[in-house]
Amino acid sequence: MITFSSHDGTRLACHDRGEGTPLVCLPGGPMQDSAYLAGLDDLFPHRRLIRLDLRGTGASAVPADPASYRCDRLVDDVEALRGHLGLETVDLLAHSAGANLAALYAARHPARVGRLLLVTPSVFAVGVPVAGDDRLEAARLRAAEPWFAPAYAALEELVAGRGTAATMGAVAPFWYGRWDEAARAHRAAEAGQKNQEAAAAYGAGGAFDPDATRAALAALAAPVLLLAGEADVAAPPRAMAAYAALFPDAALTVQPGAGHFPWLDDPEAFTGAVAGFLGA
């Protein structure tokens, strides 16, 4: 475990595993304990994985100012971690909502980014639209599953803007490439890993300026890899291709059969897709 003091004195924690060039991992949720990323720890034996617990989550302290949970303000925590590690540049792996933070960090500190790996990223920071039809198309890849019919009906409700807490729960199988015991356990742990107050503040007014962020990312020199899941209803491949097009040096890889957590769905395929990019 690494602990360090951020810019405002909030004590933050990281889970440090392995040896080699550091790879800082930013969790999604938003504002979820990085424990859900623990499956990454043993996938890159030649990299030192550093999973950051964002403020108010996991082993990190709750800040004095709840407004500091806003995504654009979390950029200063990532920069404080880079400084604490003594790195001139930092390689970042960001998952889901964590990609919003990574994008804002890259926009604000472009010279500090070595490599940027965005795994099934959220698009709020860059304003890329995700079409409902693309979500449904990804879902239909799972049509042979025994749970498909009720889950798909719930997804149709969500896409139509009629979602409820019940429909959100009903679509859970679509988040995983295999809705097996491990996926169910992973999903069940989520509620206890999230800071709901922090999640509510994460995207508060002023957190995102997509036009400015896209303009900054268009000049980013660092290489970027976006990894999409073929069957991911949250970040379907067409939207991910549009996201990749925002960068001057980016590639898109689509992992076959994967959902929103591709390293869980098929660890070997995941490492094969990203190892060359990371040099691991």
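Between Asp8 and Arg55 there is a salt bridge, since a side-chain N of the basic residue sits under 4.0 Å from a carboxylate O of the acidic one. Between Arg178 and Asp266 there is no salt bridge, since no side-chain nitrogen of the basic residue lies less than 4.0 Å from a carboxylate oxygen of the acidic one. Of the charged side-chain nitrogens involved, none lies within less than 4.0 Å of a carboxylate oxygen, so that Asp16 and Arg51 do not count as a salt-bridged pair. Using a 4.0 Å cut-off between charged nitrogen and carboxylate oxygen, Glu181 and Arg184 do not count as a salt-bridge pair.
Using a 4.5 Å heavy-atom cutoff, the side chains of Arg48 and Thr21 are not in contact. Side-chain contact between Leu40 and Phe270 is present, with at least one heavy-atom pair separated by less than 4.5 Å. Looking only at side-chain heavy atoms (C-beta outward), Val62 and Tyr69 come within less than 4.5 Å of each other. Between Val233 and His260, every side-chain heavy-atom pair lies at or beyond the 4.5 Å cut-off. By the 4.5 Å heavy-atom criterion applied to side chains, Pro262 and Thr120 are counted as neighbours.
In terms of heavy-atom proximity, His15 sits nearest to Ser34 at CD2-OG, 3.4 Å. Minimum interatomic distance between Ser5 and Ala80 (heavy atoms only, all atoms of both residues): O-CB, 4.5 Å. Across all non-hydrogen atoms, the minimal contact from Arg142 to Trp179 is NH2-N, 4.1 Å. Across every non-hydrogen atom of Glu197 and Pro66, the tightest pair is OE2-CB, 3.7 Å. Residues Ala103 and Val126 share a closest heavy-atom pair of CB-CG1, 4.4 Å.
In this structure, Leu155 CG and Arg140 CZ are separated by 9.5 Å, a value rounded to the nearest 0.5 Å.
Between Phe261 and His186, the ring center distance clears the sub-6.0 Å criterion. In summary, the aromatic rings of Tyr36 and His95 are positioned with their centroids under 6.0 Å apart. Ring centroid separation for the pair Phe44 and Trp263 does not come in under the 6.0 Å cut-off.
Counting non-hydrogen atoms of other residues, nucleotides and ligands closer than 6.0 Å to OH of Tyr152 gives a total above 12.
Note on residues 212-232: pairs passing salt bridge (Lys or Arg N to Asp or Glu O under 4.0 Å), not counting sequence neighbours, are Asp211-Arg214.
Hydrophobic clustering (side-chain heavy atoms under 4.5 Å, transitive across Ile, Leu, Val, Met, Phe, Trp, Tyr) keeps Phe174 apart from Val254.
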Identify each donor-acceptor pair in which a side-chain atom of residues 158-165 lies under 3.5 Å from a protein atom, sequence neighbours left out, and give them as a table.
from, atom 1, to, atom 2, distance (Å)
Arg162, NE, Glu157, OE1, 3.0
Arg162, NH2, Glu157, OE2, 2.9
Thr164, OG1, Ala166, N, 3.3
Thr164, OG1, Thr167, N, 3.2
Thr164, OG1, Thr167, OG1, 3.4

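Residues meeting the side-chain contact (heavy atoms from CB on, under 4.5 Å) test with Ala94, sequence neighbours left out: Leu26, Ala99, Ala102, Leu118.
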